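Worth saying up front: this structure is predicted, and the values here are computed from it rather than measured. Below, read A as the first sequence line, B as the second, and so on, with proteins coming before strands; counting in each chain starts at 1.
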Protein chains: 2
Amino acid sequence: MSPRPDPDALGFVLTDVARMLRGAFERRIANAGLGLTPGEARTLVRIATLEGGRQLDIAQRLGIEPMTLSTYLDRLQSLGYVERRPDPADRRAKLIFTTPAAGAMIAGIRTEQVELMRQVTSGIAEEDVDLIRDRLRQLRANLSALEEDSSALAPARGTGR
Amino acid sequence: MSPRPDPDALGFVLTDVARMLRGAFERRIANAGLGLTPGEARTLVRIATLEGGRQLDIAQRLGIEPMTLSTYLDRLQSLGYVERRPDPADRRAKLIFTTPAAGAMIAGIRTEQVELMRQVTSGIAEEDVDLIRDRLRQLRANLSALEEDSSALAPARGTGR
DNA sequence: GCGCATAGTAAGGTCCGCTTACGATAAGCC
DNA sequence: GGCTTATCGTAAGCGGACCTTACTATGCGC
């Protein structure tokens with residue numbers, strides 16, 4: 001029963017690593033002249049795996065609110081990396097596609113990402129890296145569940161679900 | 001050689017987890033009525049372990065810039081959780097102490113933190129949690145090294161985009 | 001047609017963190 | 001002593017990520 005929180009507790013360490021990682025990624029992307037923010041990069045990558053998806057779907061996959069995604073899309077679109085096409089089946093909806101120009105950018109992101117992670121994980125056995133990733137995915141799943149719980153409690157309008 | 005980044009790559013997962021964790025922590029702290037932001041909580045906890053330290057030291061431990069810390073201290077001080085006392089040995093410096101009132105707050109933070117992490121790590125073996133924490137600390141160390149390198153190079157960043 | 005749900009967005013807010021510039025003090029050097 | 005340079009903290013202001021609230025346009029059941 002130590003009476004105070006451990007500054008090396010998992011939560012704090014995780015936060016630290018994420019913050020620093022973001023900073024490092026930012027520097028890399030800036031140096032590489034890619035001209036994207038980390039959030040935009042993440043979004044673009046995710047879109048590439050959900051080619052032709054609706055904004056709501058993509059937002060959900062990214063774990064962000066539709067409005068946040070909308071802002072990123074504005075940027076990505078103005079940079080010519082994605083297109084919003086009307087959904088022929090539903091005129092309210094728009095389908096998101098990457099443009100050919102995005103290919104090089106995505107490859108560039110991947111390069112930076114791989115290289116950065118290579119540096120950052122140096123000194124850690126490959127199995128351990130895999131294990132960490134696996135367990136973090138579990139954490140992410142748990143957190144998703146938590147978020148649903150709390151939004152279920154939340155007194156919101158509609159409250160689908 | 002897969003031609004595109006994996007959205008489940010370690011870096012992305014880490015970022016996801018951190019963002020969601022922050023959100024969950026925020027909700028918890030808000031619900032508990034503690035009235036601190038996560039950054040302030042982290043700062044307060046760290047101060048408690050460095051009782052009487054200088055701001056520069058604390059900032060370094062937290063991995064943030066002194067100015068950022070200064071802002072947090074303003075808040076924590078106005079809430080009555082910390083004190084800035086002049087350093088008798090150096091009149092430029094100030095030493096940071098927690099107040100008695102901070103005790104309950106720190107205990108509260110700990111409670112929330114422990115409870116949250118319990119939920120979040122559910123389904124993961126305890127050894128694995130420890131292992132993750134250890135390896136993440138290694139990552140953090142690597143990132144610290146990276147940051148030092150890059151600040152040594154001091155590349156003009158910015159790129160208005 | 002009417003009402004309500006849903007897709008996207010405009011507007012604006014919070015939090016975290018950074019940089020730049022500056023005043024006050026300390027410390028080194030002549 | 002007096003000058004210069006380094007260091008501690010801070011005022012001011014910025015960018016990025018994400019959120020909530022409120023609105024438009026469309027779809028859909030009745």
(message) Which residues pass the side-chain hydrogen bond (donor to acceptor under 3.5 Å, both in side chains) test with R61(B), not counting sequence neighbours?
(response)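 Partners of R61(B) under the side-chain hydrogen bond (donor to acceptor under 3.5 Å, both in side chains) test: none.
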(request) Using the test side-chain hydrogen bond (donor to acceptor under 3.5 Å, both in side chains), find all partners of Q138(B) that sit at least two apart in sequence or belong to another chain. (result)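 Expected list: N142(B).
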(request) Could you work out the complete set of other residues in the hydrophobic cluster of F97(B), with links drawn between I, L, V, M, F, W and Y side chains under 4.5 Å apart? (result)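 Members alongside F97(B): L95(B).
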(request) Starting from V114(A), walk the hydrophobic network (Ile, Leu, Val, Met, Phe, Trp, Tyr; side-chain heavy atoms closer than 4.5 Å) and list everyone else you reach, by chain and number. (result)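 Members besides V114(A): none; it forms no cluster.
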[N] [atom2] sits how many Å from [X] [atom1], rounded?
X	N	atom1	atom2	answer
D87(B)	dA24(C)	CG	P	19 Å
L69(A)	dA7(C)	CG	P	13 Å
Q60(A)	dG8(C)	CD	P	12 Å
I29(A)	dA17(D)	CD1	P	9 Å
F25(B)	dC18(D)	CZ	P	19 Å
R85(A)	dA7(C)	CZ	C1'	18 Å
E26(A)	dC16(C)	CD	C1'	12 Å

Under 4.0 Å between a side-chain N/O of [X] and OP1 or OP2 of [N], yes or no?
X	N	answer
T68(B)	dC18(C)	yes
R42(A)	dG16(D)	no
R19(A)	dG17(C)	yes
Y72(A)	dC18(D)	yes
Q55(A)	dT9(C)	yes

(request) Take P66(B) and G39(A), find for each the nucleotide of DNA chain D with the closest heavy atom, and name the residue whose nucleotide sits nearer the 5' end. (result)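 Whichever sits nearer the 5' end wins; that is P66(B).
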(request) Between dC19(D), dG17(C), dA17(D), spot the one nearest the side chain of R22(A), thanks. (result)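 The closest nucleotide is dA17(D).
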(request) Group every Ile, Leu, Val, Met, Phe, Trp and Tyr by side-chain heavy-atom contacts under 4.5 Å, then state whether L131(A) and V13(B) land in the same group. (result)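 In one cluster with L131(A): V13(B), no.
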(request) Quick one: label T37(B) by what it contacts on the DNA or RNA (base, sugar-phosphate, nothing), any heavy atom closer than 4.0 Å. (result)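 The answer is sugar-phosphate, as T37(B) gets under 4.0 Å only of primed atoms, P, OP1 or OP2.
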(request) Indicate whether the side chain of T98(B) and that of E51(B) have a donor and an acceptor atom separated by less than 3.5 Å. (result)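 Yes, E51(B) and T98(B) have a side-chain donor paired with an acceptor closer than 3.5 Å.
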Between the protein and nucleotides 10-13 of chain C, which nitrogen or oxygen pairs are less than 3.5 angstrom apart?
none

Under 3.5 Å, which protein N or O atoms sit close to an N or O of nucleotides 26-28 of chain C? Give each pair with its distance.
unit_1	atom_1	unit_2	atom_2	d
dA26(C)	OP1	R91(B)	N	2.8
dA26(C)	OP2	R91(B)	NH2	3.4

